[in-house]
Peer 1: 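I have a structure here, written as structure tokens, and I will follow up with some questions on it.
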Amino acid sequence: MIQRLRTPDAVQRYLNELPYNTEPPPERATLRSFRGVVRLGTAHCLEAALSAAVILEQHGYPPLVLSFESIDHLDHVIFVYQSKGRWGSVARSRDPGLHGRRPVFATPRALALSYVDPYVDETGGVKAYAVVDLREHMGAYDWRLSDRNVWKVERMLLDYPHRPIKTSYERIERLRRKYIAFKKRFGYK
């Protein structure tokens, strides 16, 4: 599988085909390594970011993730990479607007800003971001292939200093009203 998935686009297609891991409910929370994702065939955002990091690290990409902090504490994590000096991402979410991005962004901040509008829902909104090299911050911890949940990765990301993203309250509220109106109009709960 790793040999077949040689590019960020190929990894994004693979992740898009997986059912989203909606743990809990009714299941217990998980944070599976790449091995667990492959074995069970499902992934949530952080599991997908770790899987992309494992796969693409074998093809020369550093294992970088971008962590978003949300105002409602429903954070999001994506794998980020550079191609020809531009930043892109590989990501999985329940919301397709939070999936990966082509490498067209000049900086990680510009890439992070591309997620601000689609992040808004009834309660969510990006308040900060951080780019983390998992090689530097996870040491010898087996986040790649562990058969157990890798909660230490989540704890590290929660503790890692994030850079604030300032957006106007009015803009976020306008997006939130638009989102709620869309759901109401089309019967989404």
Peer 1: So which heavy atom on Pro108 is nearest to which on Val131, and how close?
Peer 2: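 Smallest heavy-atom distance, with atoms named: CB-CG2, 3.7 Å.
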
Peer 1: In the single-linkage hydrophobic clustering (I, L, V, M, F, W, Y; side-chain heavy atoms under 4.5 Å), do Tyr179 and Ile172 co-cluster?
Peer 2: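 No, separate clusters.
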
Peer 1: Could you tell me if the side chain of Glu47 sits less than 4.5 Å from the side chain of Thr42, heavy atoms only?
Peer 2: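 No; the side chains remain at least 4.5 Å from each other.
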
Peer 1: Please work out which of the three classes, parallel, tilted or perpendicular, describes the rings of Tyr20 and His44, given edges at 30° and 60°.
Peer 2: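 The arrangement is tilted - the two ring planes meet at 30° to 60°.
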
Peer 1: Could you state the interatomic distance from NE2 (His137) to NZ (Lys152), rounded to the nearest 0.5 Å?
Peer 2: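 The NE2 atom of His137 sits 12.5 Å away from the NZ atom of Lys152.
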
Peer 1: Without placing hydrogens or testing angles, list every side-chain donor-acceptor pair under 3.5 Å for residues 116-130, not counting sequence neighbours.
Peer 2:
unit_1: Asp117; atom_1: OD1; unit_2: Arg171; atom_2: NH2; d: 2.3
unit_1: Asp117; atom_1: OD2; unit_2: Arg171; atom_2: NH2; d: 3.1
unit_1: Tyr119; atom_1: OH; unit_2: Leu74; atom_2: O; d: 2.5
unit_1: Tyr119; atom_1: OH; unit_2: His76; atom_2: N; d: 3.3
unit_1: Asp121; atom_1: OD1; unit_2: Thr123; atom_2: N; d: 2.9
unit_1: Asp121; atom_1: OD1; unit_2: Gly124; atom_2: N; d: 2.6
unit_1: Glu122; atom_1: OE2; unit_2: Lys183; atom_2: NZ; d: 2.6
unit_1: Thr123; atom_1: OG1; unit_2: Asp72; atom_2: OD2; d: 2.6

Peer 1: How many angstroms lie between atom CD of Glu154 and atom CG of Asp159, to the nearest 0.5 angstrom?
Peer 2: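 Rounded to the nearest 0.5 Å, the CD-CG separation comes out at 10.0 Å.
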
Peer 1: According to a hydrophobic-cluster definition based on side-chain heavy atoms being under 4.5 Å apart (Ile, Leu, Val, Met, Phe, Trp, Tyr only), do Trp151 and Val153 belong together?
Peer 2: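 Looking at the clustering, Val153 is in the same group as Trp151.
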
Peer 1: Does the side chain of Glu69 reach to within under 4.5 Å of the side chain of Asp75, using non-hydrogen atoms?
Peer 2: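 Yes, close enough: below the 4.5 Å cut-off.
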
Peer 1: Taking the side chain as every heavy atom from C-beta outward, state whether Leu145 and Phe34 have any pair of such atoms under 4.5 Å apart.
Peer 2: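 Of all side-chain heavy-atom pairs linking Phe34 with Leu145, at least one is under 4.5 Å.
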
Peer 1: If you count every heavy atom of other residues, nucleotides or ligands that lies below 6.0 Å from Arg39 atom CZ, does the total exceed 12?
Peer 2: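 Yes, the 6.0 Å shell around CZ holds more than 12 heavy atoms from other groups.
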
Peer 1: Does Ile165 share a hydrophobic cluster with Ile71, counting links as ILVMFWY side-chain heavy atoms below 4.5 Å and allowing steps through other members?
Peer 2: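 No; Ile71 is not reachable from Ile165 via cluster members.
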
Peer 1: Using a 6.0 Å cut-off, check whether atom CZ of Arg163 has over 12 heavy atoms from anything other than its own residue.
Peer 2: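 Open.
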
Peer 1: Do Trp143 and Val54 come close enough that some side-chain heavy atom pair is under 4.5 Å?
Peer 2: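 Trp143 vs Val54: side chains touch.
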
Peer 1: To the closest 0.5 Å, what do you measure between CG (Leu50) and CD1 (Ile55)?
Peer 2: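 So the gap between those two atoms works out to 11.0 Å.
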
Peer 1: Looking at every heavy atom in both Trp87 and Val80, which two are closest together, and how far apart are they?
Peer 2: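 In terms of heavy atoms, the two residues are closest at CZ3-CG2, 4.0 Å.
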
Peer 1: Decide whether Leu134 and Phe68 are clustered together by the hydrophobic rule: side chain heavy atoms of Ile, Leu, Val, Met, Phe, Trp, Tyr closer than 4.5 Å, transitively.
Peer 2: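 They do not share one cluster, since no chain of ILVMFWY contacts under 4.5 Å joins Leu134 to Phe68.
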
Peer 1: Following the transitive rule for hydrophobic clusters with a side-chain heavy-atom cut-off under 4.5 Å over Ile, Leu, Val, Met, Phe, Trp and Tyr, establish whether Tyr141 and Met156 coincide in one cluster.
Peer 2: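 Hydrophobic grouping puts Tyr141 with Met156.
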
Peer 1: Mind running salt bridge (Lys or Arg N to Asp or Glu O under 4.0 Å) on Asp142 and Arg148 for me, showing each step along the way?
Peer 2: CA-CA 9 Å; Asp142 185 17; Arg148 307 179 95 167; over 6 Å; no

Peer 1: Quick one: are Ser114 and Phe105 in side-chain contact, heavy atoms under 4.5 Å?
Peer 2: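 The answer is yes; the side chains approach within 4.5 Å.
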
Peer 1: Which residues pass the side-chain hydrogen bond (donor to acceptor under 3.5 Å, both in side chains) test with Gln3, not counting sequence neighbours?
Peer 2: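 Checked Gln3 against side-chain hydrogen bond (donor to acceptor under 3.5 Å, both in side chains); matches are Arg6.
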
Peer 1: Mind checking whether Tyr81 and Phe79 have parallel, tilted or perpendicular rings, split at 30° and 60°?
Peer 2: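 Judged by the thresholds at 30° and 60°, the geometry between Tyr81 and Phe79 is parallel.
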
Peer 1: What's the spacing between Ser93 OG and Leu15 CG if we round to 0.5 Å?
Peer 2: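 The distance works out to 12.0 Å.
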
Peer 1: Scan side-chain atoms only and decide if Tyr115 and Ser89 contain a donor-acceptor pair under the 3.5 Å cut-off.
Peer 2: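 Indeed, the side chains of Tyr115 and Ser89 share at least one donor-acceptor pair under 3.5 Å.
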
Peer 1: Among Arg102, His99, Glu17, Arg101, whose side-chain contact (heavy atoms from CB on, under 4.5 Å) with Gln12 holds?
Peer 2: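 Of the listed residues Arg102, His99, Glu17, Arg101, the side-chain contact (heavy atoms from CB on, under 4.5 Å) partner of Gln12 is His99.
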
Peer 1: Side chains of Leu64 and Asp133, heavy atoms from C-beta outward: is any pair under 4.5 Å?
Peer 2: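 Sidechains of Asp133 and Leu64: in contact.
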
Peer 1: Measure the spacing between CG of Leu5 and CD of Gln58 and express it to the nearest 0.5 Å.
Peer 2: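 The CG atom of Leu5 sits 12.0 Å away from the CD atom of Gln58.
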
Peer 1: Of all heavy-atom pairs between Asn149 and Ala29, which one has the smallest distance, and what is that distance?
Peer 2: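 Scanning both residues, the minimum pair turns out to be ND2-O, 4.3 Å.
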
Peer 1: Please answer whether the main-chain N or O of Pro8 pairs with a side-chain N or O of His59 as donor and acceptor at a distance below 3.5 Å.
Peer 2: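 The answer is no, because no donor-acceptor pair under 3.5 Å joins these two groups.
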
Peer 1: Can you give me the closest heavy-atom contact between Asp147 and Arg35, atom names plus distance?
Peer 2: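 Answer, listing the atom of Asp147 first, then Arg35: OD1-CD, 2.9 Å.
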
Peer 1: For Ala91 and Asn16, work out which heavy atoms get closest and say how close.
Peer 2: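 Nearest pair, atom of Ala91 first, then Asn16: O-OD1, 4.4 Å.
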
Peer 1: Say you draw a straight line from OH of Tyr188 to CD1 of Ile180; how long is it, rounded to the nearest 0.5 Å?
Peer 2: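 Result: 15.5 Å between the selected atoms.
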
Peer 1: Are any non-hydrogen side-chain atoms of Val150 and Arg32 less than 4.5 angstrom apart?
Peer 2: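 SC-SC contact between Val150 and Arg32 ruled out.
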
Peer 1: Applying side-chain contact (heavy atoms from CB on, under 4.5 Å) between Tyr14 and each of Val38, Val90, Asp9, report the one that passes.
Peer 2: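 When Val38, Val90, Asp9 are each tested with Tyr14, the side-chain contact (heavy atoms from CB on, under 4.5 Å) holds only for Val38.
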
Peer 1: Gly41 and Pro19: which non-hydrogen atoms are nearest, and at how many Å?
Peer 2: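 Distance-wise, the nearest heavy atoms are O-CD, 3.1 Å.
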
Peer 1: Could you check if a side-chain atom of Leu46 sits within less than 4.5 angstrom of a side-chain atom of Leu157, using non-hydrogen atoms only?
Peer 2: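 Leu46 reaches Leu157 side chain to side chain.
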
